[in-house]
Amino acid sequence: MDNKDYIADIGLEVHVELATRSKMFCSCAVVDTTIAEPNSSVCEVCMGMPGTLPVINQKAVELAIKAALALNCEVHKTSIFARKNYFYPDLPKGYQISQYEEPLATNGFLKIRTSEGIKTIRVRRAHLEEDTGKLTHIEKDGQSYSLVDLNRAGVPLLEIVSEPDMHSVEDVRSYARELRLLLRWLGVSSGDMEKGSMRFEANLSMRPTDSDKLGTRVEIKNLNSFRAMEQAILYQMDIQRETLVKGKEVKQQTLGWSESENRTFAQRSKEEANDYRYFPEPDLPPLVVEKAWLESIKKAMPALPDKERERYAEEYSLIQEDIERLMEDKAVHDYFEACMKVAPHLAPKHITNWLFSDLFAWLNANDKPFEELHLSPDGFTRLISL
Ligand code: ADP
Ligand code: MG
Ligand code: ZN
């Protein structure tokens, strides 16, 4: 038994579905898999038929570059697609096309706001890959079997991997929320967790506070909501602390999270990278991002939330709470901006007051999303002026 204090080190791997109209390596439409008829948007390529060839979706690369730039990453001129070999019934090719040794982007960071102030979380890498299909396990008439839906197979994914720079659930929450806000802001992803457009894996270890050597980690997979992620991390922090206090060793392993039982469970012991026998995808050339293209994407980037937060506080003297509400949805932010432009005589605070009280109340009462507001910024500000 010891009475040392322990601190957690947490790194996140975040998978986001990119908001493209077609899949990563074929022209099949990306459909809402919660609604679409199973296997209605599939072709030879995403069903892994022999003799087919993948073709890179340029829009997916563009969205990934936008995200990488917003995360302050270095975007590499050349990156390489690799085969990650493993068998699973929802992976018809028997491998997933991903990026491994030479990813699209590396070495970035994301600033997060916490009760302890602003923290910088380093982003190790961001790479492109394709999603797998979906299995549904059925128990019926004493039989059990699985159904496979390949509508999701080949949907473009961006995996964003952080360094283990988070130390609490609050850090993790703040990172995940800021990341989602950024991706939605840029139109990179819907970030809709209920539809699986954003999924988390948390890597967590604990070490004595007086040591700076990272402890042995566990990886918790398939965390599909902020809540699940927070609960799973809290749960594992307790277990690991208990293990270490007893003088025992944490076993490196991959865990799943059971929402209903509120606990983690062992999935398999941690596979090694060489189990995947990664090798360069022979059917795809290296991905080359020309400088001119990168520059044009950079130029077209909108002002990012952090910059806007600063400006709103300094120029408009808005309070933190109102600023955050403007940041939550870029459409709302853009509407506010348009109001400021057409009615410079109005105080910013005056506009946000009307926006968040009367206008939002009216939308709520009429069960309308913001996109269905048919009141122009000009009309709205004239109304306020009256
Ligand atoms: P893998 O690809 O096998 O999952 P990586 O080494 O690429 O492993 O790391 C994945 C994630 O695990 C990263 O987010 C990283 O920050 C985090 N990580 C690595 N080592 C530790 C550790 N000792 N404690 C907590 N997180 C860690
Ligand atoms: Mg991992
Ligand atoms: Zn297809």
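Atoms within each ligand, like the ligands themselves, are counted from 1 in listed order. FYI, the numbering just counts along the sequence from 1.
- Linking ILVMFWY side-chain heavy atoms closer than 4.5 Å, directly or via other members, places Leu63 and Met301 in a single hydrophobic cluster.
- Numbered from 1 in the order shown, with element, the atoms of ligand 1 that lie under 4.0 Å from a heavy atom of Leu214 read 23 (N).
- Between Thr216 and ligand 1, a contact under 3.5 Å exists for no N or O pair.
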Exercise. Please step through side chain to side chain contact (heavy atoms under 4.5 Å, CB included) for the pair Gln99 and Glu129, ending with a clear verdict.
Key: CA-CA 7 Å; Gln99 295 187 312; Glu129 57 186 32; over 6 Å; no
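- Atoms of ligand 1 lying under 4.0 Å from any heavy atom of Gly215, numbered from 1 in the order shown and given with element: 23 (N).
- Near Asp9, meaning under 4.0 Å from one of its heavy atoms, ligand 1 places the atoms 24 (N), 25 (C).
- If you number the atoms of ligand 1 from 1 as listed, the ones under 4.0 Å from a heavy atom of Val161 come out as 13 (C), 14 (O).
- One option in Lys213, Arg217, Glu219 has a heavy atom closer to atom 10 (C) of ligand 1 than any other, and that option is Arg217.
- Taking the six-membered ring for Trp and the full ring otherwise, Tyr100 and Phe81 have centroids separated by 6.0 Å or more.
- Under 4.0 angstrom from ligand 1, there are no non-hydrogen atoms of Glu201.
- The residue from Lys221, Gln252, Met206, Glu13 that puts a heavy atom closest to atom 2 (O) of ligand 1 is Glu13.
- The CZ atom of Phe25 lies 12.5 Å from the SG atom of Cys43; values are rounded to the nearest 0.5 Å.
- Salt-bridge annotation for Lys251 and Glu249: absent, with no side-chain N of the basic residue lying under 4.0 Å from a carboxylate O of the acidic one.
- The shortest N or O to N or O distance between Pro164 and ligand 1 is under 3.5 Å.
- Proximity of Asn203 to ligand 1, defined as any heavy-atom pair under 4.0 Å, is shared by backbone and side chain alike.
- At the Zn ion (ligand 3), the angle from SG in Cys43 to SG in Cys46 is 110° when rounded to 10°.
- The aromatic ring centroids of Tyr312 and Phe336 lie less than 6.0 Å from each other.
- A salt bridge links Arg113 to Glu178: at least one charged side-chain nitrogen sits closer than 4.0 Å to a carboxylate oxygen.
- Going from atom OG1 of Thr254 over to atom NZ of Lys221 covers 6.0 Å, rounded to the nearest 0.5 Å.
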